[in-house]
Student: 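Okay, handing you the structure first.
The model shown is predicted, which means the values in this text are computed figures rather than measured ones. First the proteins, then the strands, lettered A, B, ... as listed; each starts at 1.
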Amino acid sequence: MGEFEHLVLLTILQLGDSAYGVSITKGLEQETGKPVAQAATYLTLRRLEEKGWIEGSAGEATARRGGRVKRY
Amino acid sequence: MKPPPAPPRLATRLVEWLAVDLESTHVLGDLQEGFADRSEQVGRASAHLWYWRQVFLLAVGLGGPRLLLALSPESLLRDVHLALRSFRRTPGLLVAGILTLGIGIGGPTTMFGIVDGMFSRLPVERSQEVVSLRLIDPVRGGGVVVTWPVFDAWQTSSSNLAEVGAYRRDGVAVSGSDISPTRANAAEVTPEVMELLMVRPVIGRVFGVADKSPGEPLTAIIHEDRWEDWFDRSTSALGAQLRINGVEHTVIGVVPTDFGFPQNHEIWTIFRPELEPEAGPQVVGRMRTGTAVGTARAELDGIVRTLAASGVEAADGARPLVDEYVLAMNGRGTRTMLRYLSLVVSFLVVIAAANVAALFLARGSSRTSEIAVWLAMGAGRARIARQVVIEALVLATGGAVLGLTITRIATGWFGATLEARGSLPYWAEFGLTPSVLIFAALLLCTATIVAGVLPAIRTSRVDLSHAMKSGTGADAKMKGGLAHFRARRRGDDVLRSPDPLGARSEGGAGDGPARGGVPHRRRAHGSLRARELRLRDRRASLQLLRRAGAQP
């Protein structure tokens, strides 16, 4: 597992049930003190999911997201 | 409450295309949320920049694999399978489309095949170096006879031409001890002609310098086909006597079937200018490797001017023409003209494809409910558009196969007709040559684009809610499709597969309720009960759709 994958996994554990793309990226930025590209988060989440470390589930949709669902 | 700022539409479209169908929903949601946050914190311009940066990074990260996935043989095969399934319901469109595109592709390809066949290269190494050398009168525009002094000067003085040879064609009467008198196409050639054309005899030898010496016995070379006809491929042919125009010639060699210089000739004798000094020769040469036609022409022009200055007859005022041999034999400028003509004829495929596009559009309006099910199952617009383009590709491929069959038959017939008339050049090669196949492939691509793109755009613009409200059986199909979607969703995450449509087709559940829904609607049509049933159906499907959108 890569360093960034490790960080993402720790952030997910920290966030618990409220971990989704935006919150994970914000958490990573807070932890590392550096800007993190949301695209990097998605690609890492996808890799972690493929490796079986995490599992996603669809969440609620909000107007701020253009009515699109979250994926926790 | 003020609505959140909308992110750049083009970038959003790009993410929709890049991200796997279901992923695009939450990825776009996250991006829009981030965009809204940044718009409030740092302003719209920075938010735009941030959004585009994320899309670019996603494009790099997802685009490559996605493109590979889209072009993978498995993915394409699955799409083709789906397309064939959809054509099974509309066999008329399949037949009409293939016939239309077959004619649209076959016509121009046949034209191109004939032009390409007539202008094939000489079957000899570095054939582009073999050139025809002529003289023209620049004032009158006609040809001028190349006299022997001019020929000799070109042969001896040119540094850009490796070999220069002379020839003259004629129809002759041939007979022999076991050969009944017959007519044949013959050519008188100087030994250099055989050398510059790199002729390798099947048996025996080709002409040498000694053969043209006065006093030497007259010799002849025959074509492999004649060797088979007259001597049954026996080596006893060498040394046999042939009476050509009443003069005895000794056969010294047999040349292979792919040789017929100057056009479709089968007997060659040595050119002896001393026998008919007044008859001017036709001249052929081989340029040195790397020499341009213009350079060779300029040099020959200089030689002709020198000869004219020294008072040599027939050189005064004449200008040399140097052309690639095949171009000169088919007529200067003819190839360009015929290629333009082929291009114009190629528009036939655009017309044919436009007709097929109209058929697709007409079919698209009756597929609204089907497309609505696809959308409800999570297929993006790009995925639907891709499927329609694949359907056009399937039709175009069928059309190309038919078109190539037409081309094969038509060019074969053309070649056979020319051969029967004795005017088929030996370099002509008709049939499905690589260049003909490439041309047909280009037409196939054009047909796919013209026939598929507009219907793809129109079909993918189906409004889900509108499709549901229109009472065209969509309700029942939607119910079936959504029920199947939800059932599969519970079992395995079908929408995460790159092909949600494939999942539908595999199960076939979407078809079942659709077929069941139609008679139900027909039974109920026109009665109060029917209206009640339709309203109930519509309400149920709307609830299903709402739940499908809000729940995992």
Side-chain angles (χ1 to χ4, degrees), chain A residues 1-9 11-12 14-72, chain B residues 1-7 9 11-12 14-16 18-20 22-42 46-47 49-66 378 489-490 493 495-496 546-552:
Chain A
M1 188 186 288
E3 193 183 344
F4 192 69
E5 285 176 350
H6 221 117
L7 277 172
V8 171
L9 208 54
T11 311
I12 292 169
Q14 199 176 23
L15 290 167
D17 288 344
S18 62
Y20 73 104
V22 175
S23 64
I24 295 168
T25 309
K26 281 180 179 170
L28 285 167
E29 284 175 343
Q30 280 172 6
E31 287 299 319
T32 59
K34 291 174 186 172
V36 174
Q38 215 151 299
T41 310
Y42 296 128
L43 297 173
T44 311
L45 286 172
R46 174 189 265 200
R47 273 202 302 277
L48 288 172
E49 200 168 11
E50 281 167 4
K51 288 176 183 175
W53 286 95
I54 57 170
E55 203 171 86
S57 62
E60 75 280 7
T62 63
R64 197 171 176 76
R65 299 171 57 83
R68 295 184 175 92
V69 292
K70 291 179 181 176
R71 184 165 167 80
Y72 287 109
Chain B
M1 188 182 161
K2 195 179 167 186
R9 193 177 290 177
T12 307
L14 193 60
V15 177
E16 278 177 347
L18 284 170
V20 176
L22 187 65
E23 276 189 342
S24 67
T25 308
H26 74 265
V27 170
L28 280 171
D30 285 358
L31 286 177
Q32 187 161 349
E33 196 179 330
F35 180 81
D37 290 348
R38 274 165 181 78
S39 292
E40 288 165 6
Q41 291 162 7
V42 290
S46 292
L49 274 176
W50 173 85
Y51 196 90
W52 271 108
R53 183 167 174 267
Q54 302 307 315
V55 171
F56 173 76
L57 291 170
L58 270 175
V60 174
L62 291 173
R66 177 107 178 95
R489 188 80 200 280
R490 278 195 299 272
D493 200 355
L495 290 181
R496 285 191 59 73
R546 204 170 292 139
R547 267 184 271 159
Q551 290 178 12

Student: Mark yes when over 12 heavy atoms from residues, nucleotides or ligands other than A/Phe4 sit less than 6.0 Å from its CZ; otherwise mark no.
Tutor: yes
Student: With A/Lys34, which residues qualify under side chain to side chain contact (heavy atoms under 4.5 Å, CB included), at least two apart?
Tutor: A/Thr32
Student: Report, in residue-number order, which members of residues 16-26 of chain A are under 4.5 Å from chain B by heavy-atom distance.
Tutor: A/Tyr20, A/Gly21, A/Val22, A/Lys26
Student: Holding to salt bridge (Lys or Arg N to Asp or Glu O under 4.0 Å), I want the full list of residues that pass it with A/Glu5, two or more places apart in sequence or in another chain.
Tutor: A/Arg47, A/Lys51
Student: Please confirm whether the backbone N or O of B/Asp30 pairs with a side-chain atom of A/Gln38, one donor and one acceptor, at under 3.5 Å?
Tutor: yes
Student: Can you name the nearest heavy-atom pair linking A/Ala37 to B/Gln54, along with the distance?
Tutor: C-OE1, 3.5 Å
Student: List the atom of A/Leu43, the atom of B/Leu57, and the distance in Å for their closest heavy-atom pair.
Tutor: CD1-O, 4.5 Å
Student: Taking only residues two or more places apart in sequence, or in another chain, which ones meet B/Ala47 in a side chain to side chain contact (heavy atoms under 4.5 Å, CB included)?
Tutor: B/Phe35, B/Arg38, B/Ser39
